[in-house]
Amino acid sequence: MRAYILRRLILLVPMLLGASLVIFLMLRLGPSDPAMDYLRLSKVPPTPQALAEARTMLGLDQPILTQYLHWLGRGLQGDFGISYALQRPVLPDLLHFLPATLELAALALAFTLAVSVPMGIWAARHRDRWPDQIARLVAFLGVSVPNFWLGFLLVVVFSVHLGWLPPMGRAGPASLILPVISVAFMSLAINARLLRASMLEVAGQRHVRYALLRGLPPRRVERRHVLRNAWLPVITATGMHIGEMLGGVLVIESIFGWPGVGRYAVSAILNRDYPVIQAFTLMMVVIFVLCNLIVDILYALADPRIRQTPEEPA
Amino acid sequence: MYSRRSVLGLPLAGVLLSLPLPVRARSPSPGVLRFAWAQNVGPLNPHLYAPNQMFAQGMVYDALVRYQPDGTVAPALASAWEVSQDGRDYTFTLREDVRFSNGEAFDAAAAKANVDAVLANRARHAWLELANQITKAEVLAPFTLRLRLKDPYYPALQELALPRPFRFVAPSQFRDGGTKDGITAPIGTGPWVLAETSLGEHDIFTRNPHYWGPAPAYDGITVKVMPDPNTRAIALRTDQVDMVYGLDGPLSPDTFAELARSGQFTTGLSAPMETSDLALNTNRGATRDLSVRRAINHAVDKDMMIETVLHGTEQRADTLFAPNVPYADIGLKPYGHDPDRARALLQDDGWEETAPGAPRRKAGQDLLLELCFVGTDAVAKAKAEILQAQLAQVGIGVRLTGEEESSIYARQRDGRFDMIFNRTWGAPYDPHAFLSSMRLPSHADYQAQLGLPDKAEIDAKIETVLTSTDPEQRQALYRDLLTRFHEAAVYLPLTYATAMAVARPEVGPLVFGAMSSEIPFERLTPEAG
């Protein structure tokens, strides 16, 4: 197990290097000129002289590989450059905004699990009855309703008409409720559906029937024989939901005036603020990869078949 | 095992929703105005640009003179001024009762230090002609300041009124003897003091206790960061902000119309601030033909565009500058919406109809034009689609090219467009600074005018008008230039953009600044209580 984790961690290095190169090159393949973007965002008229100065200052007159290595070298020392639009160092600002985003994403994840697991079990127990139909309806809505639209809808109902919850800002637990629901809705719908299907599948297997025939109490069979097997696809899916959630949070933050990294990144993308986009994307890759690693480890812990597979020869 | 069992079961965590929390917030204190803006106001260095927000620089720092709606200037930090005979020396008598918000005195020495700090970074301000013109600032007496110019430059006073860079920070806040590398704290002489900044959340301004002018009615202004226009509308409706104000779509036009209809808010539109137009390229494709450019001007129904896309939030533009712009009220005859006239112009010039709705042809060439706009700008896209439909009716085919902002900028610079969205600069830059920029190859106007036979003459006349000392000669030159642009149909003026303001009724009557970059919070008169 330890060797497995270690190997996965070592694999991170080439993966991040590759990701950073792709991120860097993709931005530069676009039709726009970073020097021009820099001047536009600094509100300097782009005279030929100003453009030439900006190119030199930003190192755009160097070969692209040199530019990349330069960026990478400084990035390794924690310096991701200065935002074109805000004229502030990128990394401290990213770290300033990150906690608010993680707070939202983590709560959304917790909310997803807290709702989807009971709902999935409930739906499976009452297959094709009304609880199952409700869960089906929720799943149907969840995958069809875009999160930003749901966000506005919740605001209109609970803030504008009923006045129960704050529509925006980050002030106390009440201000978390609407953004968390908006972000989590799709994932919880999928998760509940997945758990239900998985439970029904496992419930039909021989070992479960046998357990029931042995006269074990159904709840115990459910807990020890059905759920333990039905978890596995849900754990994998949760890993993917973390990515979805972080993506969802980015959009939702703009709607709810949530001072997180998403709003910072979305305006950077609209502005083509290269240093911010690069640093932000790379940070997301790191978070994403780490989350997947954690999920894989959890998977191994949950499933003895994986854990006990002897290490294959390299 | 589950198909036959019925157990009423596990609670849904939807309980969250069943706990109503009373949160409808009132203003933190009745004397604070809550305002929404897309981003933080920045470090508020008066002599630098982005990310400093101009409206906030205007709140904290004063200029020597104040720009007025009629294009003239009124006293501000300078109570009086004299211009020498040759138009090169400006001598200002400064008010003697002005203090910075930290209590330090504002005098000619402080003013000179600021002008010097701006000139120490001259290259950065080269876009502003006044920064190139000032050769030096001199202290003649404790409260007398003289600025010397290279040439007589008539818009000097107007450009001194701008929110940046000729405004004044306490010299004690300079870093390394200047301001180009930052300032210690934003200490100005204006009505407001920046008290607190919270990144991505808000900026808080309080009243400047030392302000020399009439004290503002509000105790403070809280600027909340809200980048999304829909969020701002919701914030108004849920009493999270008191006012939204701005020129570049602080709210979408339909939201503005809806809020106005609701009757719950005070809404208002300013006088024309800038002109939104299309530059028609006289140096490329079919728009080389005068007949085509004039036909475009006749073919477009701007009133329909204003009604449908803009919900009445802007006014129809018939000329490059609105009549309220200095020197621009010269009675030019509008082209007027007349599709038949447009068809006749094209027919007479040899652009033959092929099939109804299809582009006309002349000498084997299709009458097909490329219209370039910023693809993410929903309003520009809607306008472009209307233009496409209306031009098709007279036989002009339009290909829409929606691209990223920087690509559109690049096209403006190198002339890769037949038609492109363009904007004048607004007060106090119109008309002088906008015309001045027409001489620079990096501007869409220069590129669009390049095919005019008299382009060289136009540029020479612009040069002359900027240094003319005789107001009558100046008016004559402007009349000549603006008439040429109009006759040659280099532009399709679309609308005069206006600033929009929406506020809760408690804010009282809405007031608009003379410059689009200023928001006159200090002139608001909230209702008692």
Side-chain angles (χ1 to χ4, degrees), chain A residues 30-33 36-37 40-48 85-88 93 96-97 111 114-115 118-119 121-122 124-129 131 152 155 159-160 162-170 174 177 199-200 203 208 212 218 221-222 226 254-257 259 263-264 267 270 272, chain B residues 1-3 5-14 16-17 19-25 36 38-40 42-43 48-52 123-124 126-127 198-202 224-228 230-232 234-235 237-240 376 403-407 409-410 413 437 440-443:
Chain A
S32 70
D33 174 0
M36 178 75 103
D37 289 309
R40 184 172 54 81
L41 293 174
S42 320
K43 303 264 193 277
V44 179
T47 59
L86 300 175
Q87 310 277 328
R88 295 163 57 94
D93 278 7
H96 171 87
F97 288 122
F111 181 69
V115 176
M119 193 157 78
I121 297 172
W122 197 41
R125 282 185 190 165
H126 303 271
R127 182 181 188 174
D128 294 334
R129 308 251 190 94
F152 276 124
V155 166
S159 305
V160 178
L162 298 173
W164 290 355
L165 293 165
M168 61 196 59
R170 186 186 181 205
I177 296 175
M199 279 178 74
L200 291 178
V208 176
L212 287 172
V221 176
E222 182 184 70
V226 179
S254 288
I255 293 168
F256 288 97
R263 235 172 39 165
Y264 181 61
S267 24
L270 290 177
R272 291 197 76 84
Chain B
M1 73 181 261
Y2 296 121
S3 57
R5 304 181 70 89
S6 163
V7 181
L8 270 179
L10 297 159
L12 271 179
L16 273 176
L17 282 175
L19 302 170
L21 304 164
V23 287
R24 200 168 271 266
Q39 58 195 88
N40 281 103
L48 286 180
Y49 301 87
N52 296 291
R124 190 74 178 74
W127 65 277
S198 174
L199 198 59
E201 294 186 66
H202 59 249
K224 298 190 175 187
V225 179
M226 295 184 188
D228 181 68
N230 292 312
T231 309
R232 281 177 225 148
I234 288 168
R237 283 190 175 281
T238 53
D239 200 10
Q240 305 282 318
T376 50
E403 289 178 345
E404 283 182 7
E405 208 172 347
S406 50
S407 307
Y409 273 76
R413 282 166 44 78
S437 78
L440 300 176
S442 56
H443 285 261

Practice task
First locate atom CG of B:Leu48, then atom CD of A:Gln87, and finally report the distance between them rounded to the nearest 0.5 Å.
Solution key: 8.5 Å

Exercise for the section: Select one option (side chain, backbone, both, neither) describing which atoms of A:Tyr264 are under 4.5 Å from chain B's heavy atoms. Expected result: neither

Handout entry: Exercise: identify the closest heavy-atom pair between A:Pro167 and B:Ile234
Key = CB-CG2, 3.7 Å

Practice task
Could you list the residues that satisfy side-chain hydrogen bond (donor to acceptor under 3.5 Å, both in side chains) with B:Gln39, not counting sequence neighbours?
Solution key: none

Practice task
Would you name the heavy atoms of B:Pro51 and A:Ala85 that are closest together and state the gap between them?
Solution key: CB-O, 3.5 Å

Handout entry: Option in A:Gly257, A:Ser254, A:Ser267 with maximal non-hydrogen atom pairs under 4.5 Å from chain B
Key = A:Ser254

Handout entry: Heavy-atom pair count under 4.5 Å with chain A, highest-scoring of B:Asn230, B:Asn52, B:Leu440, B:Thr376
Key = B:Asn230

Problem - B:Met226 CE to A:Phe256 CZ distance, which is reported to the nearest 0.5 Å - result: 12.5 Å

Handout entry: Flag, side chain of B:Thr231 to backbone of A:Ile255, donor-acceptor distance under 3.5 Å
Key = yes

Exercise for the section: Can you measure from CE (A:Met168) to CD (B:Gln240) and round to the nearest 0.5 angstrom? Expected result: 6.0 Å

Problem - Partners passing ring pair (Phe, Tyr, Trp, His ring centres under 6.0 Å) against A:Phe152 (at least two apart in sequence or in another chain) - result: none

Exercise for the section: Give a yes or no on whether the backbone of B:Pro227 and the side-chain of A:Arg263 come within a donor-acceptor separation of less than 3.5 Å. Expected result: no

Exercise for the section: Working to the nearest 0.5 Å, report the span between OG of B:Ser198 and CZ of A:Arg170. Expected result: 9.5 Å

